Structures are given as C-alpha cells and as structure tokens.
Number of protein chains: 2
Amino acid sequence: MKKAEATRLSILQKSFELIYVKGYQTTSIDDILATTQVTKGAFYYHFKNKDEMGLAIINELLKPAFAATFMRPLQSGGNPVKVLYDMMYEILMKDKFMKVEYGCPAANLTLEMAPWHKDFTIALNNLSEEWKKSIIQCIKNGKKNGDIRADVKPEQVAVFIMSGYWGIRNMGKLENSKSVYLIYLKQLKDYLTSLR
Amino acid sequence: MKKAEATRLSILQKSFELIYVKGYQTTSIDDILATTQVTKGAFYYHFKNKDEMGLAIINELLKPAFAATFMRPLQSGGNPVKVLYDMMYEILMKDKFMKVEYGCPAANLTLEMAPWHKDFTIALNNLSEEWKKSIIQCIKNGKKNGDIRADVKPEQVAVFIMSGYWGIRNMGKLENSKSVYLIYLKQLKDYLTSLR
DNA sequence: AATAAAACATACTAAGTAGTATGTTTTTGA
DNA sequence: TCAAAAACATACTACTTAGTATGTTTTATT
C-alpha cells in the first residue's frame, strides 16, 4: 500500500472508532488529528470536508464489516431457525469490535444523523436493505426446505427480527450489560421456533 | 400558574421539541432562546446549565408523557395479546407528538447520550424499567386469566417486545415511512398470538 | 538530476458554543 | 408604599469548531 493510502485509511479507521464511541457530531476534526497524529493539511488533502469522510467511513469500512458479520452467516443455506439465531448470537455476544455500552455503529449513526444528513441516511438505509434481503432469502430458502411454515411472510419476519436487533442495542446501552442480550436471545429462539 | 413558572415551562417544552427534532448536542442554547423569545438571563435564572435543563425535560415532560402513552394502556387488565398490540398500534400509528422521521425521543436521547451522560442514562433507564414492569405485569395477569400459556416467561417477552419497539423506530427513521410500522405490527400480532 | 505534482505542515479565520458579569425591571410581603 | 427578593435583560468572555491560505517536503517521472 502506498503511504498516502495508508494515511487516508488510518484517518478513516481511527475516526470510525472515535465516532463509534463518542458520536459523529461530538467527534471533532481536531480530535481525529490528535489521535491519528495527522495534520490538518493532510486531512483536508484526503477529504473535502467532515461529511465526505463520514460517508467514506460508511461505504469503505462499515459496509464491508457489516456484510461480513451480518450477512455472510446467512448464506449457508441451513435451517433459518438455527442460522438466524446463530447470526444474532455471534453479533451480540462474540463480535470483537462492538461493545455493549457503545451499541451498534450503524444504529448510532442512523439515530444521530437521520433525517438531517440525507446522504448518510441513504447509505445507512442501503445497509439495512441489504441485510433485509439476506434475511428474506434465508427464510424463503427455509420454506422451500420445509424448515419454515408455508404461511410465514418472509418480509414481515425480516423486519421483525431486524427491529429486535436495533432495539436490543438500545437496551444494552441503557443497562450497560450483556445480560439483557441473553434474555433477548432466549425469546428470539422461542420466536424463531414458532415459525416452524 | 405564575408567570415565572410559565417561562420555565415554555423553555422546557420548546427545548423538548427542538431536541426531539434536532438532537440534544446540536440544539444550542441560542437556538432555544430564539424560538422561545426568552433571554439568556432568564434561561440561566431557571436552569444552572444545559444538562440540568435536559434532565428536567426527561423528568418533567418525557416521563409523564411516557407514562400516559406507554404504560397507562397496559393497566386495563385485558387480554395481553390485544392490550399489547393496541398499545403498540397507538404509539406507532396514532400518537400526535412523535413523527416517524424523528423517531422516539427516549430512544434518540439514549443513543445520543449514553454512555457519556450518566445522569441522562439513569433517568432514561428508569423510564425503560417502568415500561418493562408494566409489560411484565400485563403478561402475568394474562397468564393468570389463561390468555397466555403457562410456560411463557414474562420478562423475556417484555424485553423482546421493547427491543422490537426501539428498533422499529430506527427503521422508520431510515425509511422515513410508516409502512415499515405496519409490516412490524402484523408480525407483532402473530408473535403475540403465538403466546396463547 | 531536474521538475512537476502529490502529500503534507502551520498559522490563521470566522462563526459558533456554553456560560458569566452586571445590570434593570417586576413582583411580593411587611 | 416601599424595600427586598425574584425574574428577567444585555453585553461580554473564553473556548471550540470546521474550514482555508499559504506555505514546505516528499515522491514520481523524464
């Protein structure tokens, strides 16, 4: 990797961490410069302004990370009852990047930016739509295999599961403890089982 | 009501609306002064600082509003399958204050402030806990009446329902349309029915 | 090696921010 | 009614913010 590219990536990665922890609005350019050891000249050489950097974080870091953690596990073709539960368990209990006290970076950005930063909202909605498609496909596949009842509506289930996820992140932040994740996961298992 | 009390209340109400729409951090004192037509001297006579005002909003406006909209409907003693669905339908589809594009004020504040403003987090967690208690009581009552299966775990269900609510607010913001609320509500009905 | 462009560095600006200092006006209680 | 306290008004400060102007250094190309 070229040195300039490394500088750019370093800015994105450190900013992502700062924004995840502190929020977008409260993470100042000067904060970013201090932690990256990059100067203002370098920053504005690589990014036109703060929002352009924010969008780059979503598109270049959040999106691939999201695809790997949220969507890849759904492509196995297995029983949705198990696959969906396992996905959620991995995301909530095993993921190394996300911390219960800081919630989900995608959810944080959405709540903070929508509806004022349209570009952010569109990019984040994109993520959400992709996840939804993956879940729907997983359920459709389960119906074909007979793992899921024929009368189950895939889109309804997908929305229901996704809303549960965004919401449990909120509760985790409030209580600052993963114990609420475990309670949620138990009921998620019961719910998924009810779709057989 | 005394005039001074009216001034204080006006500040709280207008600030609440501004913060609900724009967020806490991005609503400046000067914004508040401009929309309330109150001067800085008056503001700082009534509130020590911005955070004290924020807490007053939570405790004096959000809390009672939350109790009326989220908790009172649960105290009827009716069938939880219907009572819980009706509560959610009212909150999502009928409430006059909350708009789909701005989400839920309690969720917005939580995502924005936790874990950095401990007082806010505690006050908001308080709200959440009260709601949880109400839902649990509603389900326990339903179990006693035979409306809900004996093996249903009230706390698990409460957490599951609450997470669904916080989450669907997030999705509403992303899509800026109540249609996602309707999809969610259909599946909520199926889920609640599965508890019989 | 020479040179042009890329990559970075430093000092600054203009606009906003929460909060304060110091007043004036209004209300209240004896 | 009149003084004291409550309620408000205005002008200011010290600090932070995103972004710019203007440089210097590094890298790539010939």
Side-chain angles (χ1 to χ4, degrees), chain A residues 1-58 60 108-109 112-113 116-121 123, chain B residues 1-58 60 108-109 112-113 116-121 123:
Chain A
M1 182 164 40
K2 280 185 184 168
K3 196 156 164 284
E5 265 307 299
T7 303
R8 188 191 137 93
L9 195 61
S10 158
I11 293 172
L12 286 179
Q13 285 171 338
K14 291 281 184 185
S15 303
F16 187 27
E17 281 175 46
L18 280 176
I19 289 167
Y20 172 48
V21 168
K22 296 184 41 169
Y24 181 83
Q25 320 260 14
T26 42
T27 299
S28 70
I29 308 274
D30 287 344
D31 284 340
I32 294 166
L33 303 182
T35 61
T36 50
Q37 304 272 51
V38 159
T39 62
K40 202 157 257 193
F43 182 93
Y44 280 97
Y45 173 80
H46 287 286
F47 304 102
K48 209 173 96 247
N49 51 39
K50 191 183 175 185
D51 280 2
E52 192 184 279
M53 183 211 61
L55 281 172
I57 288 174
I58 294 177
E60 297 172 38
N108 293 357
L109 280 171
E112 189 180 353
M113 311 303 273
W116 298 109
H117 291 66
K118 238 191 157 198
D119 291 342
F120 279 65
T121 312
Chain B
M1 179 163 41
K2 282 185 186 167
K3 196 155 165 286
E5 266 306 299
T7 303
R8 187 190 138 93
L9 195 61
S10 157
I11 294 171
L12 286 181
Q13 285 171 338
K14 291 279 184 186
S15 304
F16 186 25
E17 282 176 45
L18 280 176
I19 290 167
Y20 171 47
V21 168
K22 297 183 39 168
Y24 181 83
Q25 320 259 14
T26 43
T27 298
S28 70
I29 308 275
D30 287 343
D31 284 340
I32 295 165
L33 303 183
T35 61
T36 50
Q37 304 272 53
V38 159
T39 61
K40 202 155 256 193
F43 181 93
Y44 280 98
Y45 173 77
H46 286 288
F47 304 101
K48 209 173 97 248
N49 51 41
K50 190 183 176 185
D51 280 1
E52 193 185 277
M53 183 212 59
L55 280 173
I57 288 175
I58 294 177
E60 296 171 40
N108 293 356
L109 279 171
E112 189 180 353
M113 311 303 275
W116 299 108
H117 291 65
K118 239 192 156 195
D119 292 342
F120 279 65
T121 311

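Lettering of chains follows the sequences in order, A, B, ..., and the numbering in each one begins at 1. Please read all numbers here as calculations on a predicted model, not as lab measurements.
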task = Using whole Å, report how far NZ of A:Lys50 lies from C1' of D:dT16.
result = 12 Å
inquiry  = What is the separation between atom NZ on B:Lys3 and atom C1' on D:dA6, rounded to the nearest whole Å?
reply    = 12 Å
remark   = Here the distance between atom C1' of D:dA18 and atom NZ of A:Lys48, to the nearest Å, is 13 Å
query = Which distance, rounded to the nearest 0.5 Å, do you find between the CG of A:Leu55 and the NZ of A:Lys50?
reply = 12.5 Å
query = Contact class for A:Ser28 vs. all strands (heavy atom < 4.0 Å): base, sugar-phosphate, or nothing?
reply = sugar-phosphate
Nearest-Å distance for atom pair OH/P, residues B:Tyr44 and C:dG23 = 21 Å
query = Does the side chain of A:His46 get closer than 4.0 angstrom to OP1 or OP2 of C:dC8 through an N or O atom?
reply = yes
query = Rounded to the nearest 0.5 Å, how far apart are CD of A:Glu60 and CD of A:Gln13?
reply = 10.5 Å
query = Are the side chain of B:Tyr24 and the backbone N or O of B:Asp51 linked by a donor-acceptor pair below 3.5 Å?
reply = yes
inquiry  = Nearest to the side chain of A:Lys40, heavy atoms from C-beta on, is which of D:dG19, D:dA9, C:dA18?
reply    = D:dG19
ask   = Between A:Ile19 (CD1) and D:dA18 (C1'), how many Å, whole number?
value = 14 Å
query = How long is the line joining CD of B:Glu5 and P of C:dT28, in whole Å?
reply = 12 Å
Shortest non-hydrogen contact between B:Thr26 and B:Asp31, atoms and distance = O-OD2, 3.6 Å
query = In whole angstroms, how far is the C1' atom of C:dA18 from the CG atom of B:Asn49?
reply = 9 Å
query = Hey, is the side chain of B:Thr7 poking within less than 4.0 Å of OP1 or OP2 on D:dA7, counting only N and O atoms?
reply = no
request  = Return the value, rounded to whole Å, for the distance between atom CD of B:Gln37 and atom C1' of D:dC8.
outcome  = 14 Å
